[in-house]
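Have a look at the structure below before the remarks.
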Amino acid sequence: MSATRVVTRFAPSPTGYMHIGNLRTALYAYLLARHHGGTFILRIEDTDRQRLVADATKVILDTLRITGLSYDEGPGVGGPHGPYVQSERLDIYRRYALELIEKGAAYYCFCAKERQEEPEPGEALGGGYDRHCRYLSKEEVEARLAAGMPYVIRQKMPLDGTTVFYDEVFGEIATENKELQDQVLLKADGYPTYNFCHVVDDYLMGVTHVLRGTEYLTSTPKYALLYDSFGWPRPHYVHLPLMMGRNGDGSVSKLSKRHGSVSFADLLADGFLPQAILNYIALLGWCPKDSQTEFYSLAELAELFTVDGISKSPSVFDFDKLLWFNGEYIRRLPFPEFAQAIKPFLRTPLPDFVDLDRALALLHGRLDKLSLIDEKMAFFVQVPPYETALFCNKKNKVTEEQARGYLAAALPVLEGLTEWEGAALYQAMTELAARLDCKPAALLWCLRIAVSGLLVTPGGATEIMAVIGRDESLLRVRAALDKLS
RNA sequence: GGCCCGUUGGUCAAGCGGUUAAGACACCGCCCUUUCACGGCGGUAACGGGAGUUCGAUUCUCCCACGGGUCACCA
C-alpha cells in the first residue's frame, strides 16, 4: 500500500477514565497503522505524578482489549523499544535534555515556579516566563548547580524568524518564533514534561505518524524545533478535529467530563455495544470515499481508512445517532450473542411462567440500548395497573362493551386449546374472530391489552401469550374481564 | 486579549470551478402489520456576510462576522 513504513502510537495518560475522544484517537492511530500494514504502539504517559490515578492504566488496557484495538508494542506485549511506560524511562529523558543543553538548545533555569504562573481566568496573559536564566553565565549556572539549587531545564526558542511545519490534515502552518515560550522540558521533580518526552519517545520508538487532537496544533512548532535541534527527522503530523459536547447553555466545547457520560466505560454500562461505539466515533471527523456509514469489522474499516478522509472542523457528539447505531448492532447480533450480552442487564428476577428465550427473541429487534431490557420486560413479570379505556380503539372501533364480549368469547376457546404456541394461538383467534364476525385485529387488540396492560408492546397478543404461558395468560384474561365488568 | 484553526440542512457529512448540492441520524407523511418497533417508499431542511479572480464560484484569494482551540514544572 505504501512504500514507507508506518508506525503510529496511542499515548494516553493514566489520569482517569478513557474518554471517547481519546478512544477515537486510538482508533485512528490503529486504523492508519493497519491500513498500511505498519506498527501500532501503546505508550503510557505517566509523568504527571499529581494526576496519576491508581487503576487508570488497567482501564486503558481493558478498553483496547474490549474494542479489539490490538497493539504490536507496549506494556504487556513488550517490543524492541521498551520500556513503554514513561516513568520507567527517566534516565533517557535526562540524558537527552543534557544533550540539548550541550547543543545550546536548552538551559538550566533556577527561577521559582511563581515566576511564571498560570494566568488568572479571564486575565490576559502577561507574557509568560521572562527568560531570566537563559542569560546566566556558565559560571553562575555551575555555582548554582554546585550549591544544589533546584532547577528545571527549558527549551531555548529562537527569538525571531518563523517555524513552519506541515500537517497532513491542515496543511502548512507557520508560527512566529517570538510567540513561542521557553517551555519546561524537565521538571524540578526530575520528571520530563509531555512537551519533551513524547518527542524523545516518538523518535526512539520510530513513530512515523503522530496522531492527536488539534489542541496540540499550536504547540507543535515547539516540538518540530526539538526534532530540529536534535537533528532528527520530523514525523508526519496528523492533527484530528476535536470532538465537541454540548454544554448546558447550548454552546459547545471540547468533549470532557462535564458533558456527562462520555467515557467508554460509562457507555458500556449504559448498554452500548463496543462495535457500535467504534462505528459511530469512526465517522465523527472522518468519512470514507464512498460515504459508507456501517462497517462490519475493524479490518474493513482499516482497509478504507485514509488520512485525506479526515475533516478539519470539530464535530458535535450526537447521542441520538449513537443510539441508532447501537440499535443496528444489537439487531445484527446473532441471537445467542444477544442473549449473552443482555445477561448483565437483566436485573429483575423473572417468574417461572416467563419463557426467557422467547421474551428475549421478541425484544431483540426492539432495543436501542441493552440497559432498557428490564423496563421493556416489566409487563411480562406483572401487568401494570391500567384503565379499561385502553381497550377502546378508534381504528378498529372497539368499545369497552365489545372488549368484554370478545374476551368472554376468547376465554373458553383459550381454555380449550391443547397446544399453547404462537401459531396455534393465532389461528384459534382468527377463527374465533370469523365466528364473531369481527376483524381479527379488533379481537387481538383486546387480548393484547388484557395480557399486557399496555398500549404499546413488543410483539402481538399471541406472541405475548406464548411467552407467559397458558396459566398466566388465562389469569390475565380473567382479570381483564373482571375489570371490565 | 495575542496567536492558531475552522464555517455546507438541527447533528454527522459528500463535494475538491459548471451538480436537480449526495448520503446518514433526527423530524414528518404513507405503506407493511396482531399495537409498537423493524423494514419499504416519499417529504421538510444547507453552502455565515462582503469584496475580488473567472465566461462561470459551495469550491480559489482577501476582509469581516461567528465558532472553537491554545497561551502550565497538565497532557
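Lettering of chains follows the sequences in order, A, B, ..., and the numbering in each one begins at 1. All values reported here derive from a predicted model rather than from experimental measurement.
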Practice problem: May I ask you to check if Lys369(A) and Phe345(A) form a cation-pi contact, with NZ or CZ under 6.0 angstrom from the six-membered ring centre and within 45° of the axis? | Solution: no
Exercise. Establish, with yes or no, whether the OP1 or OP2 oxygen of A75(B) is under 4.0 angstrom from a side-chain nitrogen or oxygen of Lys187(A).
Key: yes
Quiz item: With rounding to whole Å, what would you report as the distance between A21(B) and G15(B) at their C1' atoms?
Solution: 8 Å
Quiz prompt | Distance between C1' atoms of U53(B) and C63(B) (Å, rounded) | solution = 15 Å
Quiz item: How would you label the contact of Tyr191(A) with the nucleic acid (heavy atoms, under 4.0 Å): base, sugar-phosphate, or nothing?
Solution: nothing
Quiz item: Is it the case that Arg134(A) places NZ or CZ above or below the six-membered ring of Tyr129(A), under 6.0 angstrom from the centre and within 45 degrees of the axis?
Solution: no
Exercise. Write down the distance between CG (Leu242(A)) and C1' (U7(B)), rounded to a whole number of angstrom.
Key: 16 Å
Quiz item: How close or far is atom C1' of A75(B) from atom CZ of Arg49(A), stated in whole angstroms?
Solution: 14 Å
Quiz prompt | Electrostatic pair Arg476(A):Glu472(A) at N-O distance under 4.0 angstrom | solution = yes
Quiz item: Under 4.0 Å between a Lys/Arg side-chain N and an Asp/Glu carboxylate O for Arg331(A) and Asp368(A)?
Solution: yes
Quiz item: Taking only residues two or more places apart in sequence or in another chain, which ones pass ring-ring contact (aromatic ring centres under 6.0 Å, His included) with Phe170(A)?
Solution: none
Quiz prompt | 5' priority, RNA chain B, between Asp290(A) and Glu172(A) [closest heavy atom] | solution = Glu172(A)
Exercise. Please determine, by modelled atom types, if Asp202(A) and Tyr223(A) share a side-chain donor-acceptor pair under 3.5 angstrom.
Key: no
Quiz item: Which nucleotide sits closest to the side chain of Met244(A): A26(B), C73(B), G68(B)?
Solution: G68(B)
Quiz item: In dot-bracket notation, what is the pairing pattern of RNA chain B, taking Watson-Crick (N1-N3 plus N6-O4 or O6-N4) and G-U wobble (N1-O2 and O6-N3) contacts under 3.5 Å, with [ ] crossing and | for other strands?
Solution: (((((((..(((.....[....))).(((((.......)))))....(((((..]....))))))))))))....
Detail all sub-3.5 Å separations between protein N/O atoms and N/O atoms belonging to nucleotides 33-40 of chain B.
unit_1, atom_1, unit_2, atom_2, d
U34(B), OP1, Tyr426(A), OH, 2.9
U34(B), O2, Ala461(A), N, 2.7
U34(B), N3, Thr462(A), OG1, 3.0
U34(B), O4, Thr462(A), OG1, 2.3
U35(B), O4', Arg448(A), NH2, 3.3
U35(B), O2, Arg448(A), NH1, 3.1
U35(B), O2, Thr457(A), N, 3.0
U35(B), O2, Thr457(A), O, 3.4
U35(B), N3, Thr457(A), O, 2.8
U35(B), N3, Thr457(A), OG1, 3.4
U35(B), N3, Gly459(A), O, 3.3
U35(B), O4, Gly459(A), N, 2.9
U35(B), O4, Gly459(A), O, 2.6
U35(B), O4, Gly460(A), N, 3.1
C36(B), O2, Arg366(A), NH1, 3.0
C36(B), O2, Thr457(A), O, 3.3
C36(B), N3, Arg366(A), NH1, 2.2
C36(B), N4, Arg366(A), NH1, 3.4
G39(B), OP1, Glu328(A), OE2, 3.4

Distances for protein N/O vs nucleotides 10-16 of chain B N/O pairs under 3.5 angstrom?
unit_1, atom_1, unit_2, atom_2, d
C12(B), OP1, Val316(A), N, 2.9
C12(B), O2', Leu283(A), O, 3.1
C12(B), O2, Lys321(A), NZ, 3.4
A13(B), OP1, Gly285(A), N, 2.6

Quiz item: With rounding to whole Å, what would you report as the distance between U11(B) and A26(B) at their C1' atoms?
Solution: 8 Å
Practice problem: With sequence neighbours left out, write down each residue that passes side chain to side chain donor-acceptor pair (under 3.5 Å) with Asp374(A), or none if nothing qualifies. | Solution: Thr348(A)
Practice problem: Any pair with a residue in residues 156-172 of chain A that passes side-chain hydrogen bond (donor to acceptor under 3.5 Å, both in side chains), sequence neighbours left out, goes on the list, sorted by first then second residue, please. | Solution: Thr163(A)-Asn177(A), Asp167(A)-His239(A), Glu168(A)-His236(A)
Self-check item: For atom NE2 of His239(A) and atom P of U70(B), their distance in whole Å
Solution: 12 Å
Quiz item: Reckon Thr47(A) touches a base, only the sugar-phosphate, or nothing at all at heavy-atom distances under 4.0 Å?
Solution: sugar-phosphate
Quiz item: Say you draw a straight line from CG of Leu204(A) to CZ of Arg89(A); how long is it, rounded to the nearest 0.5 Å?
Solution: 5.5 Å
Quiz prompt | Atom-to-atom span, OH of Tyr237(A) to P of C5(B) - whole angstrom | solution = 16 Å
Quiz prompt | Interatomic distance, Glu179(A) CD vs G69(B) P [rounded to whole Å] | solution = 19 Å
Exercise. Return yes when atom CG of Asp249(A) has more than 12 non-hydrogen atoms of other residues, nucleotides or ligands closer than 6.0 Å, and no otherwise.
Key: yes
Exercise. Round to the nearest Å and state the distance from Leu322(A) atom CG to A26(B) atom C1'.
Key: 14 Å
Quiz item: Expressed in whole Å, how much space separates the P atoms belonging to G67(B) and A57(B)?
Solution: 30 Å
Quiz item: Considering only the P atoms, how many Å lie between A22(B) and C28(B), rounded to the nearest integer?
Solution: 23 Å
Quiz prompt | Donor-acceptor pair between Ser13(A) and Arg51(A) side chains, under 3.5 angstrom | solution = no
Exercise. Answer yes if the side chains of Tyr93(A) and Asp201(A) hold a donor-acceptor pair under 3.5 Å, and no otherwise.
Key: yes
Quiz item: What nucleotide, of G68(B), A75(B), C5(B), holds the atom closest to the side chain of Ile173(A)?
Solution: C5(B)
Quiz item: Looking only at atom C1', what distance separates C64(B) and C71(B), rounded to whole Å?
Solution: 25 Å
Practice problem: Please state how far atom CD in Gln181(A) lies from atom C1' in C4(B), giving the value in whole angstrom units. | Solution: 15 Å
Practice problem: Let me know the distance between OH of Tyr108(A) and C1' of C73(B), rounded to the nearest Å. | Solution: 16 Å
Quiz item: If you measure from the C1' atom in G48(B) to the same atom in G68(B), how many Å do you get, rounded?
Solution: 15 Å
Quiz item: Taking the six-membered ring of Tyr108(A), is the NZ or CZ of Arg144(A) close enough (under 6.0 Å from the centre) and on axis enough (within 45°)?
Solution: no
Quiz item: Using atom P of each nucleotide, how far apart are C60(B) and C25(B) to the nearest Å?
Solution: 29 Å
